[in-house]
Every structure is written in structure tokens, then in C-alpha cells.
Amino acid sequence: MSAYPDTRLRRTRATGWSRALHRERTVTPADLIWPLFVGSGDAEEPIATLPGVSRWPVAVIVERAREAVALGIPAVALFPNTPPELRSADGAEALNSANLACRAIAAVKDALGDSIGVIADVALDPYTSHGQDGLVDATGYVLNDATVDVLARQALVLANAGADILAPSDMMDGRIGAIRTALESEGHVNVQLMSYAAKYASAFYGPFRDAVGSRGLLKGDKRSYQMDPANAEEALREVEQDLAEGADSVIVKPGLAYLDIVTRVRETFGVPVFAYQVSGEYAMIEAAAAAGMGDRDALVLETLTSFKRAGCTGVWTYHAAHAARLLNG
Ligand code: PBG
């Protein structure tokens, strides 16, 4: 590079057309995954800690998915809020083929077919009375192998309901391989596994736990299975292992505080990598905007752009529909 003033890096920034011409990364609606919460009631249920996000009855979830198609959003992710009376220590409702998640998946696929991808979460926390993602022993420790057996069965239930992508968010060891084997054995050869490979034990999940009704139930924390926020090398081992077991793509979660992990995963493995801009991140943007501390639309688009710059293939975000509207003009 020549020295100043032969090189003036501001030259290409001087006008809008030139900034557009030199832009290295862009976000489009096709980069977005829209998480939606399914409620068991027949009315909208607003979530106090996630302003602007509600749980919706299955019929309305179908309308949201239709909206996603119209906006150019390729996939929705469905999270059920299981009624309290159906939660149990072993999370058995997860294996009920007529549970809320399955009914929502089937309704969206029936209405919209392959015009949209439906992602289903594999983990037991919406179904357990203790709020943990797996089965616990007498001390409250989350058992790995026993949980993996249940997750493989849950995965089949979700695939049979019509899920296109299964996203295991539980962080048990060996679950990707077990789920892949189960899917292959039942002929679900094209059901994808998007693994939450590097999922951290984060303080940013609070509003989500309100949305799926597990916050009040959760005893202790999830640090014996979700990752320590201080660790990066370990994230690469998690990703490597999930890829070796058959993951089609991986997720880094949360998003903004972990962009270094996204970049390293992309550069190390060259595989599709998604970030999950989680509930607490969404809530921070909404709170800042409501308090007059920043412009909401600009904050939304800037953060989404940062994910693309870091190397993301796509982003899970509760702002998906709003962002798509902004991007579509
Ligand atoms: C649990 C799960 C969580 C999220 C997605 N799946 C919460 C947790 O691990 O406690 C968080 C998503 C968000 O905060 O938006 N299986």
C-alpha cells in the first residue's frame, strides 16, 4: 500500500454510490432464521422480557411462517411453551408425537410445504419440571448418555412431524452421532442437523427461559454442559467433534459476544456456521432503543451486518421479520 497522501482511504468513502460499490458484506432476508414461540392457549401471549415478541397459537404460527415466506426469510425455528402439567422429571412429553412442537411443525409444513424450512429444537428443557436440558440424577447432575438416548428418540418424533432441520441445543457429548444414526435408520436421510456446537453458559438467555416457561423451574445452572465463556480452543474441539459425527452446519451461541468464535470456526473448518443472536441480545437492543440510547433500526442492521462480516452463513434473530422489512425497503 502506498503512503498518504497517495493513499487516502477516505476517498472511496466520500459518496454513497462509492460506499455501495466497496461494501464487502451484505445482509439479505435470505440470511435470517426467525425463532418463534408456540403457545398452548388460543390467544397471543406477550413476553414481558422480550418486548415485541409473543407466544402464538399454532394457527398464528402458520401465519407468521407465511409472512416469513413473503419477506424472503428461508426458515423459522419453533420453540414450544409446554403447559406446566405436561412437564415432568423425565421430560416424557418431548416424545409425544402430538405435542405442541409437533403440531406446530406439521401445521406449517401442511400449509407451506417446501416454501419454508422448519427448524426444531432438540433438548428437553421445555418439557422437564426442573428446567434442565436433560435427565438429572439425585444430585441434579445432568446425565449424558441417558439423555442422548432420549434426544435421539425426540429427534425422530420431530422428524416424523416434518421438521426439515433438527437443531440440538443440549450440549451433551455424542448426541449428533446418535441422532444422525437414528435418522438414517428411519429413512430421514435428508433431515439436516444444525448443531449448537459451541453453546456457552450465558447470562443472555434469560428472556428465552421466560418465553418457554423454564426460568422459574430451573434449579442451579447449566455450566456442567454448556461452555465456559472464557474458552475458545474448546469451541473448536466441540465443532470438530460435531462435524465428525455428521453435523451439516454448526451454531455459535450467543452471537455478538462470540464473534471471534464464529470467525475461527469459519476459517478453521470452512463449514456453514450460524450465529444465534439470543434473547438477551434482542432485549438489550430493544431496551436501548426504548430508552432513547440508540436508533433501533440502525442497531438491528449494524449488528446483523457484523455477523456476516465475522463469517456467518446466516443468523438466528428475533428481529428477522423487522430486519427483512427494512432490507426489502
Ligand atoms: C435450551 C435453549 C436455550 C436457548 C435456545 N435453546 C436456553 C438455554 O440454554 O437455557 C436460548 C435462546 C435465546 O436466549 O434466545 N435448549
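When a ligand or atom number is given, it counts from 1 through the structure's own listing order. In this chain, residues are counted from 1 in sequence order. These numbers were taken from a predicted model, which means no experiment stands behind them.
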Chemist: Pull out every atom of ligand 1 sitting under 4.0 Å from any heavy atom of Tyr318, numbered as shown with elements.
Modeler: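 Here the atoms of ligand 1 in question are 12 (C), 13 (C), 15 (O).
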
Chemist: Any heavy atom of Gln226 sitting closer than 4.0 Å to ligand 1?
Modeler: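 Yes, Gln226 has a heavy atom closer than 4.0 Å to ligand 1.
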
Chemist: Quick one: which ligand 1 atoms are inside 4.0 Å of a heavy atom on Tyr276?
Modeler: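 The atoms of ligand 1 under 4.0 Å from a heavy atom of Tyr276 are 12 (C), 15 (O).
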
Chemist: Is Glu233 salt-bridged to Arg237, cutoff N-O under 4.0 Å?
Modeler: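 Salt bridge between Glu233 and Arg237, a charged N being under 4.0 Å from a carboxylate O: no.
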
Chemist: Which protein heavy atom lies closest to atom 1 (C) of ligand 1, and at what distance to 0.1 Å?
Modeler: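 Its nearest protein heavy-atom neighbour is Asp125 OD2, 3.0 Å.
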
Chemist: Report whether Val76 and Ile61 are members of the same hydrophobic cluster (ILVMFWY, side-chain heavy atoms less than 4.5 Å apart, transitive linking).
Modeler: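 Both belong to a single hydrophobic cluster.
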
Chemist: Kindly indicate, with the supporting measurements, whether the criterion salt bridge (Lys or Arg N to Asp or Glu O under 4.0 Å) is fulfilled by Asp125 and Arg209.
Modeler: CA-CA 9 Å; Asp125 55 307; Arg209 292 178 189 167; over 6 Å; no

Chemist: For ligand 1, indicate whether the residue Asp170 contacts it via side chain, backbone, both or neither (heavy-atom separation under 4.0 Å).
Modeler: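 Near ligand 1, Asp170 shows nothing, with every heavy atom at 4.0 Å or more.
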
Chemist: Could you tell me, atom by atom, which parts of ligand 1 come under 4.0 Å of a heavy atom of Ala123?
Modeler: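 Counting from 1, the qualifying ligand atoms are 16 (N).
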
Chemist: Could a heavy atom of Lys199 be found less than 4.0 Å from some atom of ligand 1?
Modeler: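 Lys199: in contact with ligand 1 (<4.0 Å).
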
Chemist: Parallel, tilted or perpendicular: which fits the ring planes of Phe79 and Phe208, with parallel below 30° and perpendicular above 60°?
Modeler: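 It falls in the perpendicular class, over 60°.
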
Chemist: Below 4.0 Å, non-hydrogen atoms only: which portion of Val278 touches ligand 1? Side chain, backbone, both or neither.
Modeler: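 The part of Val278 near ligand 1 is both the backbone and the side chain.
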
Chemist: Considering only the protein, which heavy-atom contact is closest to atom 8 (C) of ligand 1, and what is its distance?
Modeler: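 That would be Lys222 NZ, 3.3 Å.
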
Chemist: Do Trp17 and Thr15 have side-chain atoms, one donor and one acceptor, less than 3.5 Å apart?
Modeler: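 Present: a donor and an acceptor within the cut-off.
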
Chemist: For ligand 1, which atoms, with element, lie under 4.0 Å from some heavy atom of Asp133?
Modeler: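 Answer for ligand 1: 1 (C), 16 (N).
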
Chemist: Please state which protein non-hydrogen atom is closest to atom 5 (C) of ligand 1 and give its distance, to 0.1 Å?
Modeler: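 The closest heavy atom on the protein side is Lys253 NZ, 2.5 Å.
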
Chemist: Give the atom numbers and elements of ligand 1 that come within less than 4.0 Å of a heavy atom of Phe208.
Modeler: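 Numbered from 1, ligand 1 contributes 2 (C), 3 (C), 4 (C), 5 (C), 6 (N), 7 (C), 11 (C), 12 (C), 13 (C), 14 (O), 15 (O).
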
Chemist: In terms of residue, atom name and distance, what is the protein heavy atom nearest to atom 14 (O) of ligand 1?
Modeler: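 Protein heavy atom with the smallest distance to atom 14 (O) of ligand 1: Ser279 OG, 2.7 Å.
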
Chemist: Do the numbers put Lys199 on top of the ring of Tyr225, so that NZ or CZ is under 6.0 Å from the six-membered ring centre and no more than 45° off the axis?
Modeler: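 Here Lys199 fails the 6.0 Å and 45° test against Tyr225.
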
Chemist: Which residue and atom name correspond to the protein heavy atom nearest atom 16 (N) of ligand 1, and how close is it?
Modeler: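 Looking at atom 16 (N) of ligand 1, the protein heavy atom closest to it is Ser169 OG, 2.7 Å.
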
Chemist: Any salt bridge linking Arg296 with Glu286? Criterion: basic side-chain nitrogen under 4.0 Å from a carboxylate oxygen.
Modeler: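 Yes, charged N to carboxylate O under 4.0 Å.
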
Chemist: With a cut-off of 6.0 Å (strictly less than), are more than 12 heavy atoms of other residues, nucleotides or ligands near CD of Glu24?
Modeler: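 12 or below, so no.
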
Chemist: Looking at ligand 1, would Trp316 count as a contact under a 4.0 Å heavy-atom criterion?
Modeler: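 No.
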
Chemist: Before giving the answer on ring pair (Phe, Tyr, Trp, His ring centres under 6.0 Å), spell out for Tyr196 and Trp316 the whole-Å C-alpha distance, their side-chain angles and the decisive distance to 0.1 Å.
Modeler: CA-CA 12 Å; Tyr196 290 77; Trp316 296 54; 5.7 Å; yes

Chemist: For Phe37 and Tyr318, I'd like to know if the aromatic rings sit close, meaning centre-to-centre distance below 6.0 Å.
Modeler: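 Yes.
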
